[in-house]
Number of protein chains: 2
Amino acid sequence: MEKTSTRGRPREFDTEQALAAALRVFWTKGYEGASLTDLTDAMGITRPSLYAAFGNKEALFRKALDLYGEEKLAYVGRALAAETARGVASNLLYGAIDTVTGDECRGCMGVMASVSCQSAEESIREDVSNRTESSRKALVARMEQAIADGDFAAPVEAETITRYLLAVLQGMAVQAGAGANREQLQQVAEATLAIWPSR
Amino acid sequence: MEKTSTRGRPREFDTEQALAAALRVFWTKGYEGASLTDLTDAMGITRPSLYAAFGNKEALFRKALDLYGEEKLAYVGRALAAETARGVASNLLYGAIDTVTGDECRGCMGVMASVSCQSAEESIREDVSNRTESSRKALVARMEQAIADGDFAAPVEAETITRYLLAVLQGMAVQAGAGANREQLQQVAEATLAIWPSR
DNA sequence: CATATTACGTACCACTCGATATGGAAAAGA
DNA sequence: TCTTTTCCATATCGAGTGGTACGTAATATG
């Protein structure tokens with residue numbers, strides 16, 4: 001993947017560091033809202049360097065999405081490992097609060113790309129949609145397990161409870177993007193857990 | 001507000017009809033995603049006509065928001081008139097489904113503007129934020145009334161239950177924007193009502 | 001009819017967008 | 001040292017952006 005030839009002039013900037021800066025820009029301004037000038041300014045490199053290192057804007061966004069998934073959504077995988085459905089929900093809700101209320105990176109990139117990016121490259125929305133869908137399926141599987149474990153008092157459908165929980169999480173991301181603070185999001189999380197239909 | 005002088009050449013297009021077309025474009029593509037070419041093509045008018053009739057793109061968007069609030073969010077006012085908190089929630093949830101799953105206008109403009117429009121005119125986000133906040137306060141007041149009426153079994157805070165319900169509604173809008181169909185959103189609504197903490 | 005007022009249509013403005021061609025600087029191997 | 005390879009920087013590309021100047025057509029008032 002990465003060119004590792006030893007010949008020629010070595011790169012003067014750190015690729016990972018530049019990618020992290022690009023992620024922050026995409027996170028705050030969205031795909032279409034982030035111009036190449038915004039990106040290169042934040043990354044500290046010139047346009048040709050960006051194209052040489054990352055291909056183009058879309059490829060850079062995809063790599064930023066990869067980094068986002070690895071760093072910022074790691075809590076999702078850990079959340080699924082909780083012992084009960086309530087534990088999974090709790091982990092997801094409070095993990096989302098941490099991710100969604102950054103110092104300057106507010107909201108969720110997946111939500112941004114789903115709601116915005118309407119006129120953007122269809123392939124990007126498709127990519128984000130696929131990532132979201134795979135997480136959703138994992139959560140459905142975990143909820144089926146919880147149902148088999150007898151976690152839920154009343155009978156529930158795994159698809160239904162998953163889609164409901166995702167809606168709450170996405171709604172929290174929306175409110176965070178609109179300026180909600182941590183305390184207000186904790187209210188949502190506590191209310192959700194207070195009426196969560198399982199032990 | 002509107003020029004009603006009888007002198008001069010009369011306008012050849014219907015202002016309200018053109019505004020409705022602009023609303024559809026803004027709804028599907030967002031504020032920044034909707035170009036003047038998109039707008040004028042859909043409205044069937046030329047650029048100078050648009051600027052003469054509506055001022056500029058931002059003013060047109062605001063008037064489209066007004067129309068959106070009057071036509072598409074009328075159900076919110078009716079929802080608040082329900083007799084119980086559960087009735088309010090039910091009306092809001094199912095009303096949102098109707099609004100959010102149009103034939104070609106999917107999602108919620110308020111959610112779009114909150115999540116997207118990060119780099120757009122700050123005044124627009126502020127405007128949308130104010131509109132959302134006023135609806136939120138009305139819902140808080142209705143929930144306080146419901147608490148006083150003894151609607152809720154367990155003790156709840158009006159601010160908390162409001163923010164929770166809004167999160168579910170916003171999450172449904174996100175899922176609609178991502179392609180969820182009516183049946184899937186009905187699952188979310190039913191799940192929300194099934195665990196709703198009031199009679 | 002004459003004139004004022006308004007709307008329409010074309011053609012264009014300055015600007016920004018994402019993306020590149022080009023030329024020189026720097027570092028490796030021969 | 002010489003060549004090759006790669007990187008960096010300037011300067012630009014064509015396309016598209018929101019917004020307008022200007023000339024013409026159409027209607028109402030006098």
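Below, read A as the first sequence line, B as the second, and so on, with proteins coming before strands; counting in each chain starts at 1.
Between B/L50 atom CG and C/dG9 atom P the separation is 13 Å, expressed in whole Å. Taking atom CE of A/M43 as the reference point, atom C1' of D/dA9 lies 17 Å away to the nearest angstrom. Here the P atom of nucleotide C/dA19 and the CD1 atom of A/I45 are 14 Å apart, to the nearest Å. Distance A/L39 CG to C/dT16 C1': 14 Å, rounded to the nearest Å. Here C/dA19 presents its P atom at 10 Å from CG of A/L60, a figure rounded to the nearest Å.
Both tests do not hold together for A/K57 against A/F26: distance to the six-membered ring centre under 6.0 Å, angle to the ring axis within 45°.
A/T132 has its side chain out of reach of A/S129: every pair of non-hydrogen atoms, C-beta onward, lies at least 4.5 Å apart. The closest side-chain heavy-atom distance from B/N91 to B/R78 is not below 4.5 Å.
A distance-only check finds no donor-acceptor pair linking the side chain of B/D149 to the backbone of B/D151 [under 3.5 Å].
The pair A/E159-A/R136 meets the salt-bridge criterion, since a charged nitrogen lies less than 4.0 angstrom from a carboxylate oxygen.
A/T160 and B/E190 share no side-chain donor-acceptor pair at under 3.5 Å.
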Taking only N/O atoms, report every protein-nucleotides 13-22 of chain D pair under 3.5 Å with atom names and distance.
from: D/dT17; atom 1: OP1; to: B/S35; atom 2: OG; distance (Å): 3.4
from: D/dG18; atom 1: OP1; to: B/A34; atom 2: O; distance (Å): 3.3
from: D/dG18; atom 1: OP1; to: B/K57; atom 2: NZ; distance (Å): 2.7
from: D/dG18; atom 1: OP2; to: B/L36; atom 2: N; distance (Å): 2.6
from: D/dG18; atom 1: N7; to: B/R47; atom 2: NH1; distance (Å): 3.0
from: D/dG19; atom 1: OP2; to: B/Y51; atom 2: OH; distance (Å): 2.5
from: D/dG19; atom 1: OP2; to: B/K57; atom 2: N; distance (Å): 3.3
from: D/dG19; atom 1: O5'; to: B/Y51; atom 2: OH; distance (Å): 2.9
from: D/dG19; atom 1: N7; to: B/R47; atom 2: NH1; distance (Å): 3.1
from: D/dG19; atom 1: O6; to: B/R47; atom 2: NH1; distance (Å): 2.7

Using a cut-off of under 3.5 Å, enumerate the N/O to N/O pairs linking the protein to nucleotides 23-26 of chain C.
from: C/dA25; atom 1: N3; to: A/R9; atom 2: NH1; distance (Å): 3.2

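The side chain of B/S49 contributes no N or O atom lying less than 4.0 Å from OP1 or OP2 of C/dA7.
B/F54 and B/A59 get closest at one heavy-atom pair: O-CB, 3.1 Å.
Residues that satisfy the salt bridge (charged side-chain N to carboxylate O under 4.0 Å, His left out) test with A/D127, not counting sequence neighbours, are A/R62, A/R131.
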